[in-house]
Structures are given as structure tokens and as C-alpha cells.
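Okay, so here's the structure we're looking at.
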Amino acid sequence: MPSLPGFDAFAQATPSEAAQKIADHFAGVRTMTGEFVQFGPRGEQTGGKFYIERPGKIRFNYEGGSGFKVVSDGQSVVLDNKKMNTMDLYPLSKTPLKLLLDTRIDLSGDKVKSVKEDDDLTTIQLADRSVFGSSRITMMFDPKTYELRQWTITDAQGKDTTVMVFNVQEGVKLDPNLFTIDYRRNIEVNRKGRQ
């Protein structure tokens, strides 16, 4: 559907049935693994492997010597940087990842900021002020296969981090230990950091 110049195609406030079908399909995928490329707000690029298990579990293993990983065990999210010996812990419920990892992605109400449907991409932008303030998450799906192509998390300062996924396999058996957070190490690392 062509839009008039100067008029944003994101003006559609109510999600279409097609968009809700895509969200339902994505939420129905219980496990998923694949590779990712991440583009940071300053143009930096990293990659690695990711694992998702609903509800609430995710792991990113970043390639290279940094030993950096992001893990959610369903309750908390940790940014674990072995090289720098830092571990930042956040409640999952206060991050945009919660919307990505929920058992159901509900496009009703005021969480949906926009839905844009093109021939080759359906873009759904979600925000929930009560959960993660002024941050938002934008998910892009293939409208034919309903597969997730990428997501962008925009932080409170308006900086974007985009994750593109590929070589994705759905419905795989995952080792539960992938989503284990070492809370003891987190306490030790943060105690040393404060000394």
C-alpha cells in the first residue's frame, strides 16, 4: 500500500490480523538457535551464536576473545564480560527482551507503537513504559514464512542496537545449562569491583 510523501506508514495504530498472526507464530516457537550479527550504536559489529527457549530464556555467545555473553535464565539477564571481569545483572521483567521472550506477544493495547507491512518485511515496534521506561524494541519478520529476521532495541538515550539472525533452527533440544547464571561469580565480581 503506497503512502503519501511525508506521511509515515507507521501511523497504523491497531495491529493487523497478519501482524498478530506473525507474533503468534513467533511466540509459538518454543526453542530456537542460530547465528547473529549485532550492530551497535557506534557502528561496531560483533557476532556469534544465540539460543532461545520460552519463556524468558536467551543466550548470546559472542565470538572472538572477549568471552562476552548475555544470558537470561527466565528471571534475570546478565551481561557477562570475562575479559573485563564484569557482570551486570538486571531483572528480565525490566528489559525489552521480556517482550521478545514472552509466551505470548500481545499486540493489543498500547504496547504496540507501530506496525508496518511491506511485501518483504513486517515491522512491529513495541514499547512498555511500565516495564522498561522509554526503551523500545522493533522486530522485523518475513511476512511469508513468519520468521524473525532481526530486532532493534532502542535505549532511553535513543541509541540503537540491531541484531540480525540467520541459519536459524526452530524446535531444537537445548541444554538447560545454557541458561544458567553464575550468581556466585556475579557477587564476587561485583564485590571486588566496589573495593
Side-chain angles (χ1 to χ4, degrees), residues 1-41 45 47 50-60 70 72 74 77 90-171:
M1 187 177 86
S3 61
L4 297 168
F7 285 85
D8 197 337
F10 278 115
Q12 183 180 345
T14 56
S16 72
E17 283 181 42
Q20 186 63 61
K21 268 188 196 151
I22 289 172
D24 290 346
H25 172 82
F26 177 62
V29 177
R30 308 321 286 167
T31 60
M32 175 187 294
T33 183
E35 297 173 65
F36 72 90
V37 176
Q38 176 177 309
F39 301 92
Q45 182 180 329
F50 77 92
Y51 309 86
I52 291 176
E53 184 177 301
R54 289 182 196 283
K57 295 177 181 172
I58 199 165
R59 179 181 180 119
F60 292 96
V70 175
S72 170
V77 180
Y90 304 93
L92 174 62
S93 62
K94 298 291 181 199
T95 74
L97 284 174
K98 175 165 181 1
L99 288 177
L100 192 69
L101 300 173
D102 263 350
T103 44
R104 178 160 170 14
I105 298 172
D106 183 6
L107 297 188
S108 66
D110 58 358
K111 285 188 189 75
V112 178
K113 295 299 157 211
S114 60
V115 175
K116 182 180 179 189
E117 295 181 70
D118 294 317
D119 290 341
D120 58 346
L121 216 55
T122 298
T123 305
I124 302 170
Q125 188 178 91
L126 302 171
D128 189 340
R129 191 165 281 284
S130 67
V131 173
F132 45 85
S134 53
S135 300
R136 61 188 184 274
I137 186 165
T138 306
M139 298 183 283
M140 296 182 179
F141 297 90
D142 182 311
K144 293 170 190 71
T145 63
Y146 294 175
E147 287 174 358
L148 178 68
R149 291 276 177 250
Q150 71 179 57
W151 66 84
T152 300
I153 293 178
T154 306
D155 69 15
Q157 287 77 45
K159 294 189 172 114
D160 289 344
T161 300
T162 297
V163 178
M164 297 174 68
V165 296
F166 55 97
N167 294 338
V168 174
Q169 294 176 289
E170 297 179 353

*side-chain contact (heavy atoms from CB on, under 4.5 Å) evaluation trace for L100 with F26*: CA-CA 9 Å; L100 192 69; F26 177 62; 3.9 Å; yes

Roughly how far, to the nearest 0.5 Å, is the [atom2] atom of [Y] from the [atom1] atom of [X]?
| X | Y | atom1 | atom2 | value |
| --- | --- | --- | --- | --- |
| T33 | N167 | OG1 | CG | 10.0 Å |
| R149 | D142 | CZ | CG | 4.5 Å |
| F36 | T162 | CZ | OG1 | 13.0 Å |
| T122 | K144 | OG1 | NZ | 9.0 Å |
| D160 | R136 | CG | CZ | 7.0 Å |
| I153 | K159 | CD1 | NZ | 15.5 Å |

What heavy-atom pair brings [X] and [Y] nearest, and what distance separates the two atoms?
| X | Y | value |
| --- | --- | --- |
| G56 | S72 | O-OG, 2.6 Å |
| S93 | K98 | CA-CD, 3.5 Å |
| T138 | Q125 | OG1-NE2, 3.1 Å |
| G74 | L92 | O-CD2, 3.6 Å |
| I137 | P96 | CD1-O, 3.9 Å |
| R54 | V29 | NE-O, 2.9 Å |

Find out whether [X] and [Y] are in side-chain contact, i.e. whether some heavy atom of one side chain is under 4.5 Å from a heavy atom of the other.
| X | Y | value |
| --- | --- | --- |
| F60 | V163 | yes |
| Y51 | K57 | no |
| T103 | R30 | yes |
| F39 | T152 | no |
| V165 | W151 | yes |
| P41 | T161 | yes |

*Would you call R104 and D24 a salt bridge, taking side-chain N to carboxylate O under 4.0 Å as the test?*
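Judged by the 4.0 Å cut-off on N to carboxylate O distance, R104 and D24 do form a salt bridge.
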
*Any chance CD of Q45 has more than 12 other-residue heavy atoms, nucleotides or ligands included, within less than 6.0 Å?*
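Yes, the 6.0 Å shell around CD holds more than 12 heavy atoms from other groups.
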
_Evaluate V168 against F50 for side-chain contact (heavy atoms from CB on, under 4.5 Å), listing each step before the verdict._
CA-CA 9 Å; V168 174; F50 77 92; 4.1 Å; yes

